[in-house]
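Structure first, commentary second.
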Amino acid sequence: MHPDPPFLVLKGIHYSWPGGAKALEGCDLRLPHGGLWMLVGRNGSGKSSLLRLIAGLLSPQAGELHCQGRSALVFQNPDHQLLLPSCGSELLLGIDPRLPEELRLQRLEAALEQVGLAGLRERPIHGLSGGQKQRLAIAAALASDADLLLLDEPTALLDPDSQAEVLALIRALTARPEGPLTALWITHRLDELAQCDGAALMEQGRIGPWLSGSALAAQLARR
């Protein structure tokens with residue numbers, strides 16, 4: 001991992017569901033500013049709960065959480081988060097309405113261009129492919145001025161070409177010269193680990209040590 005200053009820090013985070021099932025148990029995490037970081041783990045290991053906690057959809061019952069930026073959650077299925085009829089209206093939903101209209105439109109167009117959807121501001125969302133919808137969900141995060149992307153298996157429902165496109169897009173955003181994003185990506189695809197800056201295994205609500213993606217993939221393949 002990179003040295004200080006950390007961009008995101010979790011210390012001793014605990015969270016249990018109302019029925020008593022433990023999702024996170026003494027979970028620690030440190031991320032630097034910038035880079036693509038991946039988590040793998042079995043269903044029920046706490047990965048999705050972790051992202052929702054960082055995004056503010058859940059509140060920790062114990063422990064500390066500090067983030068130096070603004071986070072945005074990108075779901076596995078973009079149909080679960082795209083609410084409005086057109087690409088432009090969807091992005092405007094997340095842009096501060098107090099900004100001048102010209103600035104709001106500039107931010108909208110810039111977000112579309114960054115994800116390869118330039119010129120599609122008026123395009124109906126129902127006419128987009130699955131990969132385009134996922135890129136639009138990422139554009140919505142960019143338009144909201146997020147600098148921490150929380151991606152919950154964003155390629156799980158996509159065809160191989162779209163999977164590669166979305167992964168390449170996030171890789172580029174975490175290394176863009178004008179200001180790299182930090183991305184925390186949950187995956188079950190071991191081949192995706194080759195593209196990350198670091199990977200860790202999550203088990204029983206805790207995150208293991210950060211390794212190179214190839215090292216973790218090899219470790220898991222031997223299990």
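Positions are given from 1, in the same order as the sequence printed here.
The side-chain contact (heavy atoms from CB on, under 4.5 Å) test applied to Leu103 returns Leu99, Pro100, Gln106, not counting sequence neighbours. When the salt bridge (charged side-chain N to carboxylate O under 4.0 Å, His left out) test is applied to Arg121, the partners found at least two apart in sequence or on another chain are Glu109. In this structure Asp159 satisfies the salt bridge (charged side-chain N to carboxylate O under 4.0 Å, His left out) test with no other residue, sequence neighbours excluded. Take Thr174 and apply the side-chain contact (heavy atoms from CB on, under 4.5 Å) test, not counting sequence neighbours, and it matches Leu36, Ile170, Arg171, Ala183. Listed by chain and residue number, nothing satisfies the salt bridge (charged side-chain N to carboxylate O under 4.0 Å, His left out) test with Lys11 (two or more places apart in sequence, or in another chain). With sequence neighbours left out, the salt bridge (charged side-chain N to carboxylate O under 4.0 Å, His left out) criterion links Arg52 to Asp152.
Under a hydrophobic clustering in which Ile, Leu, Val, Met, Phe, Trp and Tyr are joined whenever their side-chain heavy atoms come within less than 4.5 Å, directly or via other members, Leu39 and Leu201 fall into different clusters. Leu151 and Ile186 are not part of a single hydrophobic cluster, where members link through side-chain heavy atoms under 4.5 Å apart. A continuous path of hydrophobic side-chain contacts links Leu173 to Leu108 [ILVMFWY only; heavy atoms under 4.5 Å]. Under the 4.5 Å side-chain contact rule for hydrophobic residues, Phe7 and Leu73 share a cluster. Leu50 and Val40 sit in two unconnected hydrophobic clusters of ILVMFWY residues. Membership requires side-chain heavy atoms under 4.5 Å apart, directly or through other members.
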Please report, to 0.1 Å, the donor-acceptor pairs under 3.5 Å made by any side chain of residues 58-69, with sequence neighbours excluded.
residue	atom	partner	partner atom	Å
Gln61	OE1	Ser16	N	2.7
Gln61	NE2	Ser16	O	3.0
Glu64	OE1	His66	NE2	3.2

Atom pairs and distances, side-chain donor-acceptor, residues 18-29, under 3.5 Å, sequence neighbours left out:
residue	atom	partner	partner atom	Å
Lys22	NZ	Glu25	OE2	3.3
Asp28	OD1	Gly12	N	2.6

Distance-only check: which donor-acceptor pairs under 3.5 Å involve side-chain atoms of residues 127-143, not counting sequence neighbours?
residue	atom	partner	partner atom	Å
Ser129	OG	Gln132	N	3.2
Ser129	OG	Gln132	OE1	3.4
Gln132	OE1	Ser129	N	2.9
Lys133	NZ	Asp79	OD1	3.1
Gln134	NE2	Phe75	O	3.2
Gln134	NE2	Gln76	O	3.3
Gln134	NE2	Pro154	O	2.8
Arg135	NH1	Val115	O	3.1
Arg135	NH1	Gly116	O	3.4

Compile the donor-acceptor pairs under 3.5 Å between side chains in residues 214-223 and protein atoms, sequence neighbours left out, one pair per line.
residue	atom	partner	partner atom	Å
Ser214	OG	Ser212	OG	3.4
Arg223	NH1	Glu203	OE2	3.3

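Residue Pro180 comes nearest to Gly34 through the heavy atom pair CB-CA, 4.2 Å, listed as atom of the first residue, atom of the second, then distance. In plain terms, the two heavy atoms of Cys87 and Leu120 that are nearest each other are CB-O, 3.2 Å. For Thr187 against Glu192, the heavy-atom pair with the smallest separation is OG1-OE1, 2.5 Å.
Side-chain N or O atoms of Gln163 include one that pairs as donor or acceptor with a backbone N or O of Leu158 at under 3.5 Å. A donor-acceptor contact shorter than 3.5 Å is absent between the side chain of Arg123 and the backbone of Ser86. With Arg189 contributing its side chain and Ala156 its backbone, the two residues share a donor-acceptor pair below 3.5 Å. Side chain of His33 to backbone of Leu181: no donor-acceptor contact under 3.5 angstrom is found.
Residue pairs satisfying the salt bridge (charged side-chain N to carboxylate O under 4.0 Å, His left out) criterion with at least one member in residues 93-103, sequence neighbours excluded, are listed as follows: Asp96-Arg98. Within the structure, the salt bridge (charged side-chain N to carboxylate O under 4.0 Å, His left out) test picks out no pair touching residues 31-40 (sequence neighbours left out).
No more than 12 heavy atoms of other residues, nucleotides or ligands sit less than 6.0 Å from atom CZ of Arg42.
Atom CG of Leu31 is separated from atom OG1 of Thr182 by 7.0 Å, given to the nearest 0.5 angstrom. Once rounded to the nearest 0.5 Å, the distance linking CH2 of Trp185 with CG of Leu149 reads 10.0 Å. Rounded to the nearest 0.5 Å, atoms CG (Leu190) and CE (Met38) are 11.0 Å apart. Atom OG of Ser71 sits about 8.5 Å away from atom CG of Leu57, to the nearest 0.5 Å. A distance of 11.0 Å separates NZ in Lys47 from CD1 in Ile207, rounded to the nearest 0.5 Å. Asp145 contributes atom CG, which lies 9.5 Å from atom CD1 of Ile95 (distance to the nearest 0.5 angstrom).
Ring geometry for Trp37 versus Trp210: interplanar angle over 60°, hence perpendicular rather than tilted (30 to 60°).
Side-chain contact between Gln204 and Arg206: absent, with no pair of heavy atoms (C-beta onward) separated by less than 4.5 Å. Within the 4.5 Å cutoff, side-chain heavy atoms of His188 are placed close to those of Asn43.
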Could you walk me through whether Glu90 and Leu83 satisfy the side-chain contact (heavy atoms from CB on, under 4.5 Å) test, starting with their C-alpha distance in whole Å, then the side-chain angles of each, then the deciding distance to 0.1 Å, before giving a yes or no? CA-CA 7 Å; Glu90 181 66 37; Leu83 305 174; 4.1 Å; yes

